[in-house]
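Just so we're clear, the structure is a prediction, and the values are computed from it rather than from any experiment.
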Amino acid sequence: QDKEKLEICKLNDPPSAETVKDMIKYARNVIEEFRRAKHYKYILCLTLTPLIELLEICELSLDKMGAVFEDSNVYMLHMMYQAMGVCLYVQDWEGALCYGQKIIRPYSKHYPSYSLNVASMWLKLGRLYMALKNRTAGIKALKRAIAIMEVAHGKDHPYISEIKKELEDH
């Protein structure tokens, strides 16, 4: 799966090996920079301005990496996941949903069928859909999360009961 995880854009004039190598180096650096910035800003204070700056780091790096990498590339996915997290924190439900929708298909491809990472993403999407009053999509996403969790945790796990109750309440 390494080829899929490191997929580059399909262009008429594909990027050179050197360009791809440089972009991987850039991606690794920006991920590390984001981690440092996130840690530093969270320690100082969680005000809106530093969080917006973190989102800008994500968006700028996604734009730059997107010229070479496909959305399914692990470096792109990492930054989209970080951007989604910032959107969730600042309660930008539409932004978080947009990133989650881009993430779920590659996650489903990269991770095993019953991965809790995939279940967690379906759970987040389900809750976002519900918050945005898209009940049909929310129920569908939550049911997908439950299906995976039932295999991973067992049908009687308290967390699954909690999600099922959440479904009943909507």
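The two residues Gly100 and Met121 come nearest to each other via the heavy atoms CA-SD, 4.1 Å. Scanning both residues, Pro15 and Cys9, for their nearest heavy atoms gives CD-O, 4.4 Å. Smallest separation of non-hydrogen atoms from Gly95 and Cys87: C-SG, 3.9 Å. Scanning both residues, Ala119 and Ala145, for their nearest heavy atoms gives O-CB, 3.5 Å. The minimum heavy-atom distance linking Leu62 with Met76 is given by the pair CD2-O, 3.5 Å.
The salt bridge (charged side-chain N to carboxylate O under 4.0 Å, His left out) search around Lys165 returns Asp169, not counting sequence neighbours. Among residues two or more places apart in sequence or in another chain, the side-chain hydrogen bond (donor to acceptor under 3.5 Å, both in side chains) test is passed with Lys164 by Glu150. Val74 meets the side-chain contact (heavy atoms from CB on, under 4.5 Å) test with Lys5, Leu6; sequence neighbours excluded. Judged as a side-chain hydrogen bond (donor to acceptor under 3.5 Å, both in side chains), and not counting sequence neighbours, Asp13 has no contacts. In terms of the side-chain contact (heavy atoms from CB on, under 4.5 Å) criterion, residue partners of Ser16 (sequence neighbours excluded) are, by chain and number, Glu18, Thr19. Applying the side-chain contact (heavy atoms from CB on, under 4.5 Å) criterion to His153, with sequence neighbours excluded, gives Leu116, Met149, His157, Ile160. Legend: residues meeting side-chain hydrogen bond (donor to acceptor under 3.5 Å, both in side chains) with Ser72, ordered by chain and number and at least two apart, are Glu7.
Both Tyr111 and Val151 sit in one connected hydrophobic cluster of ILVMFWY residues. Membership requires side-chain heavy atoms under 4.5 Å apart, directly or through other members. Both Leu77 and Tyr75 sit in one connected hydrophobic cluster of ILVMFWY residues. Membership requires side-chain heavy atoms under 4.5 Å apart, directly or through other members. By the criterion of side-chain heavy atoms lying less than 4.5 angstrom apart, applied directly or through intervening Ile, Leu, Val, Met, Phe, Trp or Tyr residues, Leu132 is grouped together with Leu125 in one hydrophobic cluster.
Applying the side-chain hydrogen bond (donor to acceptor under 3.5 Å, both in side chains) test to residues at least two apart or on different chains, none of the pairs has a partner in residues 132-144. Under the salt bridge (charged side-chain N to carboxylate O under 4.0 Å, His left out) criterion, no residue pair touches residues 56-78, with sequence neighbours excluded. Annotation: salt bridge (charged side-chain N to carboxylate O under 4.0 Å, His left out) contacts involving residues 89-106, sequence neighbours excluded, are absent. Within the structure, every pair that satisfies the side-chain hydrogen bond (donor to acceptor under 3.5 Å, both in side chains) test and touches residues 115-127, not counting sequence neighbours, is listed here: Tyr81-Lys124, Arg127-Glu166.
For the pair Ile24 and Arg28, the minimum side-chain heavy-atom distance is below 4.5 Å. Using a 4.5 Å heavy-atom cutoff, the side chains of Leu123 and Tyr159 are in contact. Side-chain contact between Val118 and Ile104 is present, with at least one heavy-atom pair separated by less than 4.5 Å. Residues Leu60 and Val30 form no side-chain contact, since every pair of their non-hydrogen atoms from C-beta on lies 4.5 Å or further apart. Counting heavy atoms from C-beta outward, Leu88 and Trp93 have side chains that approach closer than 4.5 Å. Side chains of Met79 and Tyr99 form no contact here, defined as non-hydrogen atoms less than 4.5 Å apart. With contacts defined as side-chain heavy-atom distances shorter than 4.5 Å, the pair Gln82/Ile57 does not qualify. Looking at heavy atoms from C-beta onward, Tyr26 lies in side-chain contact with Ser61 at the 4.5 angstrom threshold.
From Cys98, atom SG reaches atom CD1 of Ile103 across 9.5 Å, with rounding to the nearest 0.5 Å. Ile163 CD1 to Ile146 CD1: the interatomic distance, rounded to the nearest 0.5 Å, is 5.5 Å. Here the CG atom belonging to Asn73 is positioned 12.0 Å from the NE2 atom belonging to His78, to the nearest 0.5 angstrom.
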* Please lay out, stage by stage, how Leu55 and Met84 fare under the test side chain to side chain contact (heavy atoms under 4.5 Å, CB included). => CA-CA 9 Å; Leu55 189 56; Met84 182 181 184; over 6 Å; no
